[in-house]
Amino acid sequence: MDTKTLISEEIAKVVPDLDQETIFNLLETPKNSDMGDLAFPAFSLAKVLRKAPQMIASDIAEQIDASNFDKVEAVGPYINFFLDKAKISANVLEQVISAGSDYAAQAIGQGRNVAIDMSSPNIAKPFSIGHLRSTVIGDSLANIFEKIGYKAVKINHLGDWGKQFGMLIVAYKKWGSKEAVQANPINELLQLYVRINAEAENDPSVDEEAREWFRKLEAGDQEATELWQWFRDESLVEFNRLYDELGVSFDSFNGEAFYNDKMDEVVDILTEKGLLEESQGAQVVNLEKYGIEHPALIKKSDGATLYITRDLAAALYRKRQYDFAKAVYVVGNEQSAHFKQLKAVLKEMDFDWSDDITHVPFGLVTKEGKKLSTRKGNVILLEPTVAEAISRAKAQIESKNPNLADKDAVAHAVGVGAIKFYDLKTDRLNGYDFDLEAMVSFEGETGPYVQYAHARIQSILRKANFTADASTNYSLNDAESWEIIKLIQDFPRIIKRAADNFEPSIVAKFAISLAQSFNKYYAHTRILDESPERDSRLALSYATATVLKEALRLLGVEAPNEM
Ligand code: ARG
């Protein structure tokens, strides 16, 4: 239990007029540590109790069970709490040492599923930086939810269906070659797609042809299906290469196409409930009562289904298949309107679990301050960018630690970790500028900075030949170590908060603070010097490394033991 909770609990025992949460929120951190570690102001009780705050404060101070504290005293209208640092640090260190990487694990999820829709790139199109954000944020959320007792189901909802596949088939049949596609699948398919779209501008028959091919595809025509399957397979080979580099895996690759035969049910339910309206030949659901201006377009006038129709079918399927406690969609901000519609339509269909659906949006990435645009040539190609991050990491390792044994593996962990960490430390709704140099730097609020702090501790522990022992009573009461103890003690609450807000940046910022506090400690305290506190200092170092490594793991970032 963190100290704030402990104190609010103790106060609540003697102040029945306030609930514990109110007390918790009233607690203040005094500016001066002479006034204790936390203080409770008695003003708010004066009205209820009809007594002077000073009197109330001294009454409460007398009644508090002081065995948990060094000292509890009333000063004017405040009750000041001085924590028993030795006792608390002993307790925290013992917890981390006995739990190891399981420290801060929680049972909140009770094994229930969280379905996480993440990454979800489009077949035959380049994997964008937005897909990277979705991949990295989704993967971290999966780790965070598992840490608090849920089971994460990572779903890659591939964009592998729609009229554009009709276009692609037309283009391929006109100009394509098997060899060219195999040599460079996504690039070649993209060229074909761009070319056919240009052609369609002048020649309306192209559009008709594409529609016809998509109709065939929807009907299971053999030639159309084979081509589509091949485009999909080739694209996935490329995507999987990137996922391997990033160390991200999925539980399902059921994309939009998977729902081709599952949309009738959606339309049937909508029809049965009288929710479908006709609008210019199309079938729509009116959502005005949800304050949503645009109706959801379920079927076009030619009978074709849409993105949202497939998402409706997917939601039904996932509820049945996974019986999720939460369904999370990690998709850019620009699709907010789509997810509002999705939830509202499900609500209209009387699925009360629509309340368990959350769109987790994120902001745009820029490069040199400018918006990314394929058309204007301002693009970030991910595979070469990841490779570049790894080679920059390697160069730094070469200069810092030329004798390091496993340089390539470490460079990989640092380069990939740098990109992920930079993304995840940003409040997800904010965008950021993709600055590889800043990402890979060992200084500043970066992944390599945190990884380096962890590796440095490992090196200290190796030098001391230290093994932490859960039955030894380690304890510390100096101000520098106290900063670290407080952070470590806070880790469970940090994780819970990150899960509640779908916000990995809370964990990333925590990791930065912990690394910074340790570096400060290291600068002040000669950990390895002979002293009665030596073992406790080493235990504190060990606990810090354990928590840093675990925080990084939650972000999908590795923590090498040497750098
Ligand atoms: N393929 C879409 C895109 O690239 C993202 C899909 C997100 N997931 C979903 N269930 N709609 O924009």
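Residues: numbered from 1 along the sequence shown. We count ligands from 1, going down the list as the structure has it; atoms in each ligand are counted the same way.
Scored by the salt bridge (Lys or Arg N to Asp or Glu O under 4.0 Å) test, Lys216 finds no partners at all (sequence neighbours excluded).
Under a cutoff of 6.0 Å and an axis angle of 45°, Lys319 and Phe324 form a cation-pi pair.
Summary of contacts: the protein heavy atom closest to atom 1 (N) of ligand 1 is Asn122 OD1, 2.7 Å. Tyr307 OH, 3.2 Å is the protein heavy atom nearest to atom 6 (C) of ligand 1. For atom 12 (O) of ligand 1, the closest heavy atom belonging to the protein is Gln335 NE2, 2.8 Å.
For the pair Asn122 and Leu158, the minimum side-chain heavy-atom distance is 4.5 Å or more. Side-chain atoms of Met118 and Lys154, non-hydrogen and from C-beta on, do get closer than 4.5 Å to each other.
In the model, Trp230 has a side-chain atom that pairs as donor or acceptor with a side-chain atom of Glu234 under 3.5 Å.
Distances shorter than 4.0 angstrom do not occur between any heavy atom of Arg310 and any atom of ligand 1. Look at His131 and you'll find a heavy atom under 4.0 Å from some atom of ligand 1.
With respect to Trp161, the ring-ring contact (aromatic ring centres under 6.0 Å, His included) criterion is satisfied by exactly one of Tyr259, Phe258, Phe231, Phe214: Phe214.
Considering backbone and side-chain atoms alike, Tyr329 places every N or O at 3.5 Å or more from each N or O of ligand 1.
Note: Phe145 and Phe502 have tilted aromatic rings, judged against thresholds of 30 and 60 degrees for the angle between ring planes.
Within the 4.0 Å heavy-atom criterion, the part of Phe339 lying near ligand 1 is the side chain and not the backbone. Contacts between Asp311 and ligand 1 below 4.0 angstrom, taking non-hydrogen atoms only, involve the side chain exclusively.
Here is the list of ligand 1 atoms found below 4.0 Å of a heavy atom in Val331: 7 (C), 8 (N).
Scanning Asn156, Asp117, Ile123 for the heavy atom closest to atom 8 (N) of ligand 1 points to Asp117.
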